[in-house]
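Written out below as structure tokens is the structure these notes cover.
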Amino acid sequence: MGSITADLTTFSQRLPSRGETILGDDFTLVLGGKGANQAIAVALAGSPAYMVSCVGTDLFAPLLTGGLQNAGVDIDHVSRVPGPSGIAHIRVDDSGENDIVMVPLANASLSEAQIDSAFLDRAPLSKVLLTQLEIPWALTQHAIRKAHEVGLTVILDPAPATELDDAIWPLVDIVTPNETEASRLTGIVVTDAASAASAGRWFTARGAGYALITMASAGAILVSETSVRHFPSIPVVAVDTTAAGDAFAGYLGAALARDADLASAISQAMAAGALTVTQRGASPSLPQRAAVEDLLHSQKATIS
Ligand code: RIB
């Protein structure tokens with residue numbers, strides 16, 4: 001459950017300073033949104049994905065729903081609401097780093113009634129709820145409560161980070177912030193494995209099952225109430241980091257839905273995130289499962 005957007009992305013050597021105009025090198029218009037990207041990652045990972053969201057009635061809507069359908073995502077619970085679809089305005093520089101302004105638009109029209117109907121219909125077929133923070137927080141909370149009640153594993157990607165109600169953490173099985181989001185949510189500045197572990201403990205002390213903090217080339221830290229484990233990153237050349245976190249969350253959820261153990265689910269998620277940064281764009285950069293498996297095998301071969 002989450003956002004669907006049209007991603008309008010410019011590529012330029014560097015990002016402009018405030019008030020400056022610069023010439024860019026390329027532009028793309030593709031399907032994105034953290035919710036849609038995660039649903040597509042689930043489908044590419046080979047698990048059924050049921051999307052719950054809204055698009056508008058503008059020119060972008062068919063691109064968005066068609067992209068989800070082509071990727072194999074069920075869109076029976078994606079509503080069309082009058083007005084514009086969600087938009088993300090993304091800028092990417094030559095180092096592959098980005099900045100994003102996301103405007104929810106149609107995504108703000110999701111309702112409790114739509115979520116309830118989707119749960120009635122699809123929760124009996126599901127094992128995991130994946131959600132993020134690009135739709136109204138009241139609705140994210142509503143879905144998390146419902147998912148917890150019916151026994152789904154709840155994975156919350158707290159992006160974009162904003163202050164959240166502490167009552168939510170006991171209902172979250174795995175929270176997956178990157179280092180910036182973890183710093184913003186906990187007030188602990190995450191710069192390395194030790195500070196990531198401290199931030200992770202902030203979440204588990206408030207009731208989250210696990211905190212899984214991603215730190216790009218520094219890997220990921222998994223924190224539970226009683227343990228801390230580091231997962232090293234897979235070295236790749238980054239051309240565009242957009243949607244790496246979504247690939248991570250989607251592959252994590254898909255693996256857990258197939259009953260994989262948490263450590264192997266995290267390895268698959270790390271490989272999916274690594275492959276995503278080697279391609280431009282949001283949904284078009286999400287990898288197929290075969291590529292993820294190949295990368296994991298080549299890693300094992302290098303280590304042994
Ligand atoms: O996580 C990447 C996504 O965040 C992009 O596709 C963009 O839509 C923004 O919402």
Side-chain angles (χ1 to χ4, degrees), residues 1-11 15 27-44 49 51-56 58 60-61 63-68 71 73 78 84-93 96-108 110 130-137 139-140 155-162 175-182 184 212-216 220 238-253 269-270 272-287:
M1 193 193 74
S3 56
I4 303 175
T5 64
D7 284 5
L8 295 100
T9 306
T10 59
F11 297 86
L15 301 183
F27 169 78
T28 57
L29 164 59
V30 300
L31 163 61
K34 295 182 194 303
N37 294 338
Q38 294 187 12
I40 291 175
V42 169
L44 293 177
M51 182 83 208
V52 185
S53 189
C54 294
V55 296
D58 56 355
F60 293 141
L63 169 85
L64 309 184
T65 50
L68 284 160
V73 176
V78 174
S85 300
I87 291 290
H89 179 209
I90 307 178
R91 306 183 305 177
V92 180
D93 70 13
E97 289 302 324
N98 65 31
D99 58 23
I100 303 178
V101 177
M102 187 268 178
V103 191
L105 299 168
N107 293 287
L110 190 62
L130 286 164
T131 194
Q132 324 77 29
L133 300 178
E134 289 185 334
I135 57 168
W137 169 234
L139 298 178
T140 306
I155 301 180
L156 172 64
D157 186 20
T162 181
V175 56
T176 59
N178 64 22
E179 64 268 66
T180 314
E181 292 147 4
R184 175 93 200 269
L212 180 52
I213 299 177
T214 58
M215 299 190 297
V239 299
D240 179 3
T241 59
T242 308
D246 301 329
F248 183 93
Y251 267 78
L252 179 72
M270 304 246 349
L275 286 169
T276 300
V277 307
T278 65
Q279 306 290 327
R280 279 185 169 185
S283 60
S285 71
L286 298 166

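All residue numbers refer to positions in the sequence shown, counting from 1. Start at 1 and go down the list; that is how both ligands and their atoms are numbered.
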Worksheet item: Step by step, would you call Thr28 with Asp7 a side-chain contact (heavy atoms from CB on, under 4.5 Å)?
Response: CA-CA 8 Å; Thr28 57; Asp7 284 5; over 6 Å; no

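- In this model, no donor atom of one side chain and acceptor atom of the other lie less than 3.5 Å apart for Asn107 and Ser3.
- Of all atoms in ligand 1, numbered sequentially from 1 with element shown, those under 4.0 Å from a heavy atom of Ala88 are 7 (C), 8 (O).
- Distance check, rounded to the nearest 0.5 Å: OG1 of Thr65 to CG of Leu31 gives 9.0 Å.
- For ligand 1, the atoms sitting less than 4.0 Å from at least one non-hydrogen atom of Met102 are 10 (O), numbered in the order shown with element in parentheses.
- Inspection of the Ser285 and Gln279 side chains reveals no N or O donor paired with an N or O acceptor under 3.5 Å.
- In this comparison of Gln132, Gln38, His89, Glu134, the heavy atom closest to atom 10 (O) of ligand 1 sits on Glu134.
- Atom CG of Leu29 is separated from atom CZ of Phe60 by 5.0 Å, given to the nearest 0.5 angstrom.
- Closest to atom 1 (O) of ligand 1 among all protein heavy atoms lies Asp246 OD2, 2.7 Å.
- Of all the atoms in ligand 1, the ones that sit under 4.0 Å from a non-hydrogen atom of Gly32 are 6 (O), 8 (O).
- Here the heavy atom of the protein found nearest to atom 4 (O) of ligand 1 is Lys34 NZ, 3.1 Å.
- The protein heavy atom nearest to atom 3 (C) of ligand 1 is Asn37 ND2, 3.7 Å.
- Applying the side chain to side chain donor-acceptor pair (under 3.5 Å) test between Arg91 and each of Thr9, Asp99, Thr10 identifies Asp99 as the sole match.
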Could you pull out all donor-acceptor pairs under 3.5 Å where a side-chain atom in residues 239-249 meets a protein atom, sequence neighbours excluded?
from: Asp240; atom 1: OD1; to: Thr242; atom 2: N; distance (Å): 3.0
from: Asp240; atom 1: OD1; to: Thr242; atom 2: OG1; distance (Å): 2.6
from: Asp240; atom 1: OD2; to: Gly281; atom 2: N; distance (Å): 2.8
from: Thr241; atom 1: OG1; to: Gly96; atom 2: O; distance (Å): 3.3
from: Thr242; atom 1: OG1; to: Asn98; atom 2: ND2; distance (Å): 2.8
from: Asp246; atom 1: OD1; to: Gln38; atom 2: NE2; distance (Å): 3.3
from: Asp246; atom 1: OD2; to: Asn37; atom 2: ND2; distance (Å): 2.9

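- Of all atoms in ligand 1, listed by their number and element, those nearer than 4.0 Å to a heavy atom of Ala282 are 6 (O).
- Every heavy atom of Gly245 sits 4.0 Å or more from the atoms of ligand 1.
- The nearest heavy-atom contact from the protein to atom 5 (C) of ligand 1 is Asp7 OD2, 3.2 Å.
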